[in-house]
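The sequence lines fix the lettering, A, B, ..., with proteins before strands; numbering per chain opens at 1. As the structure is a computational prediction, the values presented were derived from the model and not from experiment.
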Amino acid sequence: MSLRLYNTLTRRIETFQPLAPPRVTMYTCGPTVWNYAHIGNFRSFLFEDLLRRHLEASGYRVFHIMNLTDVDDRTIKAAAEGGKSLSEHTEPFVRAFFEDRDFLRIRPAHVYPRATTSIAAMVELITTLLEKGYAYIGEDGSVYFSIAKFPAYGRLSQLDKRELKVGARVSSDEYDKDDPRDFALWKAASPLDEQVGAAWDAPFGRGRPGWHIECSAMALSEIARFGVKTLDIHCGGVDNIFPHHEDEIAQSEAATGEPFARFWLHGEFLNIRGTKMSKRYGNILTVRDLKEEGVDPAAFRLLVFSTHYRQPLDYNDQALEAASEGVRRLGEFHERLSEVAGEAAGKEGPATGVVAARVPEAVGEFRRQFKEALDDDLNAPQAVAALFGLVREGNRELDRGAWGPEDAWVALAAFREAMDVLDLLPGEPEIDQEFRAWVEAKVAERQAARRVRDYGRADAIRDELRARGVELEDTPDGTRWRVQRGAGTRGAVQ
RNA sequence: GGCGCCGUAGCCAAGUGGUAAGGCAGAGGUCUGCAAAACCUCUAUUCGGCGGUUCGAAUCCGCCCGGCGCCUCCA
């Protein structure tokens with residue numbers, strides 16, 4: 001079966017078909033760099049990473065665009081409060097975002113256009129909309145999009161079924177608009193905008209871009225390189241459906257006369273104790289926080305992929321703990337396969353020709369299930385279940401010696417293919433030389449004690465190591481040890 | 001008020017008409033000097049509640065209870 005995805009536009013699961021295969025153009029709404037992105041933001045980016053990787057694994061050539069919103073109400077406000085210019089304020093957060101992205105092993109987009117460096121494209125788009133009569137200049141000097149001129153407005157968010165709550169959130173600049181629902185394409189410059197350097201000259205007046213226009217302008221100018229005006233996929237969080245994506249569609253399609261995106265995918269929220277993360281509730285958790293707690297990025301990935309992207313994910317320590325344990329198990333299995341396959345010995349493994357000759361049933365089954373799960377609207381939980389199925393059966397076969405190097409090699413290849421998409425192998429904890437030497441010495445000392453059957457001494461050493469976060473494993477080939485994540489692994493030990 | 005989502009074991013969670021995936025935790029066992037790792041077995045007669053449709057419902061319909069999101073710049 002081929003890839004099927006839930007399209008918010010039609011509220012149905014549809015067979016994915018790009019405009020011009022094998023190319024897939026994908027636009028994902030990026031962070032607003034007014035502050036650190038939180039793990040809720042990263043849940044969305046992770047779902048997009050999964051989509052991107054699965055598309056690539058399926059043979060598509062993905063062109064991934066992610067914008068950086070570096071000018072909006074919040075960035076301006078934050079810059080002003082810090083007595084900085086807009087770019088002085090946002091630049092560190094752009095860097096932080098890239099660091100966090102790399103930490104979580106999210107594949108970098110091909111381009112990261114920024115709003116502040118895409119003003120020309122926005123001005124051009126707004127000019128077109130003014131010329132075509134879809135936009136008008138309000139009394140305050142701002143440019144607005146007239147939704148009355150765009151009959152298809154509201155299709156994505158099913159606005160026709162909605163009624164605005166009476167008295168709910170009335171915009172302060174309502175008086176300048178023809179219709180309260182019209183939205184700003186260009187906001188006339190305010191003194192605050194000028195103060196932080198967030199104002200640009202344009203034929204229709206000095207000002208700054210409205211929120212939505214950046215995505216339309218940047219997406220369209222990026223895909224212009226392919227000579228198209230339609231994205232294959234546009235992603236974002238569910239909260240972006242309205243108004244953000246609705247407005248993007250209106251602007252873009254009014255200007256180009258062509259569909260803006262074929263598939264609209266929206267990821268659900270990551271909640272903490274059932275509530276969305278927000279400054280208001282004071283429940284923000286950043287990737288930096290995870291890092292400080294010694295959380296393995298793979299564990300966070302597994303946690304995220306344990307829930308379907310269209311379901312809310314409830315974050316808590318127990319769930320993260322479970323994911324962490326799962327990741328450890330995957331790592332152990334991978335290591336074991338690698339050893340049996342002969343990699344550790346520096347061998348290249350069995351000849352490739354032999355590989356195809358005999359594929360263990362469990363491996364073939366896994367491959368089929370894994371692909372089918374992801375093809376089914378990115379059912380990552382199901383894919384993860386298939387993965388653990390391979391781990392269980394693989395371990396069983398290895399335990400009873402039914403798998404030789406060739407089988408392990410085939411299994412290893414399949415396992416790595418899956419890791420190419422999910423990327424769940426535990427990271428190597430950093431262990432400094434001094435600590436390593438100390439552990440090695442202790443392990444040798446314990447081995448000596450065991451040889452003379454001084455088990456009291458051996459167990460005492462094991463307890464001592466365990467207290468430092470080192471777990472021992474006695475195997476026929478000797479004692480292996482590993483450090484638990486988050487344990488102190490630096491500095492001299494007496 | 002409108003639109004939408006959710007309620008499955010101690011925790012996380014798949015499954016949307018055919019008789020409850022997977023992970024973590026827990027219990028017992030195999031292995032081990034003991035452990036660890038791995039494997040095996042067990043752990044929801046039941047899917048918020050009550051009705052209905054159906055040969056058959058966690059899955060469809062209705063009502064109720066509980067939780068959440070969006071409704072103009074929040075992933």
Side-chain angles (χ1 to χ4, degrees), chain A residues 11 28-32 37-48 69 72-74 157-171 174 180-184 187 210-212 235-244 246-247 266-271 274-280 302-303 306-308 310-329 332-333 336 369 373 379-389 391-400 450 453 455 458-459 462-463 466 471-475 479-482:
Chain A
R11 311 266 158 173
T28 57
C29 279
T32 299
H38 53 65
I39 61 172
N41 299 122
F42 276 100
R43 185 202 178 185
S44 287
F45 303 147
L46 237 25
F47 128 65
E48 291 154 1
T69 300
D72 80 320
D73 288 358
R74 289 176 302 171
S157 50
Q158 305 191 168
L159 212 65
D160 49 322
K161 288 201 217 157
R162 290 171 183 243
E163 282 173 30
L164 227 68
K165 182 175 180 177
V166 181
R169 303 178 76 168
V170 177
S171 176
E174 184 187 359
R181 294 179 300 165
D182 287 351
F183 57 91
K187 298 178 140 182
W211 178 32
H212 321 298
C235 305
V238 281
D239 54 329
N240 281 153
I241 296 173
F242 187 85
H244 190 47
E246 192 68 70
D247 293 349
H266 293 95
E268 254 296 345
F269 278 121
L270 178 154
N271 297 320
T275 308
K276 72 182 275 193
M277 251 189 244
S278 97
K279 264 257 154 48
R280 190 160 39 119
L302 179 56
L303 176 69
S306 292
T307 304
H308 186 92
R310 284 193 287 116
Q311 294 294 334
L313 184 162
D314 203 27
Y315 180 92
N316 66 61
D317 290 342
Q318 224 181 338
L320 186 64
E321 192 64 39
S324 180
E325 191 56 28
V327 160
R328 182 199 58 73
R329 195 149 158 247
E332 298 267 328
F333 179 64
R336 190 175 183 192
Q369 288 177 346
N379 194 332
Q382 207 100 69
V384 167
L387 187 63
F388 278 103
V391 171
R392 196 182 346 95
E393 292 185 50
N395 271 320
R396 182 166 55 214
E397 298 306 293
L398 290 166
D399 272 359
R400 60 187 194 109
R450 289 181 73 211
R453 298 187 188 282
Y455 294 121
D459 291 350
R462 183 167 60 200
D463 290 344
R466 185 173 290 148
E471 282 296 331
L472 298 186
E473 208 175 305
D474 294 328
T475 75
T479 298
R480 295 169 47 186
W481 62 275
R482 69 162 182 282

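Using a 4.0 Å heavy-atom criterion, one finds that A:Arg74 contacts the sugar-phosphate atoms exclusively. Across all strands shown, A:Phe388 has heavy atoms under 4.0 Å from sugar-phosphate atoms exclusively, and none from any base. Backbone-only contact: A:Gly236 has heavy atoms under 4.0 Å from sugar-phosphate atoms and none from a base. Nucleic acid contact for A:His308: sugar-phosphate only, since backbone atoms but no base atoms lie under 4.0 Å from a heavy atom of the residue. Across all strands shown, A:Gln311 has heavy atoms under 4.0 Å from sugar-phosphate atoms exclusively, and none from any base.
Atom-to-atom, CD of A:Glu246 to C1' of B:U72 comes out at 12 Å; the value is rounded to the nearest Å. Nucleotide B:G69 holds its P atom 15 Å from the CZ atom of A:Arg43, rounded to whole Å. To the nearest angstrom, P of B:C5 lies 18 Å from CZ of A:Phe242. The CG atom of A:Leu270 sits 16 Å away from the P atom of B:C68 (whole-angstrom rounding). When the P atom of B:C68 is taken as reference, atom CG of A:Asp239 falls 18 Å away, rounded to whole Å. We find that CG of A:Leu387 is positioned 12 Å from P of B:C24, with the value rounded to whole Å. Rounded to whole Å, atom P of B:C68 lies 13 Å from atom NZ of A:Lys276.
Here the side chain of A:Pro381 is nearest to one of B:G22, B:A13, B:A75, namely B:A13. Distance from the side chain of A:Asp314 is smallest to B:C12 among B:C12, B:A75, B:A21. Taking the side chain of A:Glu268 as heavy atoms from C-beta on, and the options B:C5, B:C11, B:U72, the nearest nucleotide is B:C5. The side chain of A:Ala322 has B:G23 as its nearest neighbour among B:G10, B:A75, B:G23.
The pairing partner recorded for B:C3 is B:G69, the criterion being a Watson-Crick or G-U wobble arrangement whose two distances lie under 3.5 angstrom. Base pairing analysis places B:A14 opposite nothing; no Watson-Crick or G-U wobble pair with both distances below 3.5 Å involves it. Pairing for B:G51 is with B:C61, a Watson-Crick or G-U wobble pair whose two hydrogen-bonding atom distances lie under 3.5 Å. Across all strands shown, B:U30 forms a Watson-Crick or G-U wobble pair with B:A38, both key distances being under 3.5 Å.
For A:Asp317, there are no salt bridge (charged side-chain N to carboxylate O under 4.0 Å, His left out) partners two or more places apart in sequence or in a different chain. Residues that satisfy the salt bridge (charged side-chain N to carboxylate O under 4.0 Å, His left out) test with A:Arg453, not counting sequence neighbours, are absent from this structure. Qualifying ring pair (Phe, Tyr, Trp, His ring centres under 6.0 Å) partners for A:His266, counting only residues two or more places apart in sequence or in other chains: A:His245. Partners of A:Thr69 according to the side-chain hydrogen bond (donor to acceptor under 3.5 Å, both in side chains) rule, which considers only residues two or more places apart in sequence or in another chain, are A:Asn67, A:Glu214. Every residue meeting the salt bridge (charged side-chain N to carboxylate O under 4.0 Å, His left out) condition with A:Glu397, not counting sequence neighbours, appears here in chain and number order: A:Arg400.
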Within the 4.0 Å limit for protein heavy atoms, which parts of nucleotides 28-42 of chain B are touched? Write it as a string from 5' to 3', B for base, S for sugar-phosphate only, - for none. -----BBBBSSSS--
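Within the 4.0 Å cut-off from OP1 or OP2 of B:G15, at least one side-chain nitrogen or oxygen of A:Asn379 is found.
Using cut-offs of 30° and 60° on the angle between ring planes, the pair A:His244 and A:Trp211 is parallel.
In summary, A:Arg482 and A:Glu332 engage in a salt bridge, as defined by a charged side-chain N under 4.0 Å from a carboxylate O.
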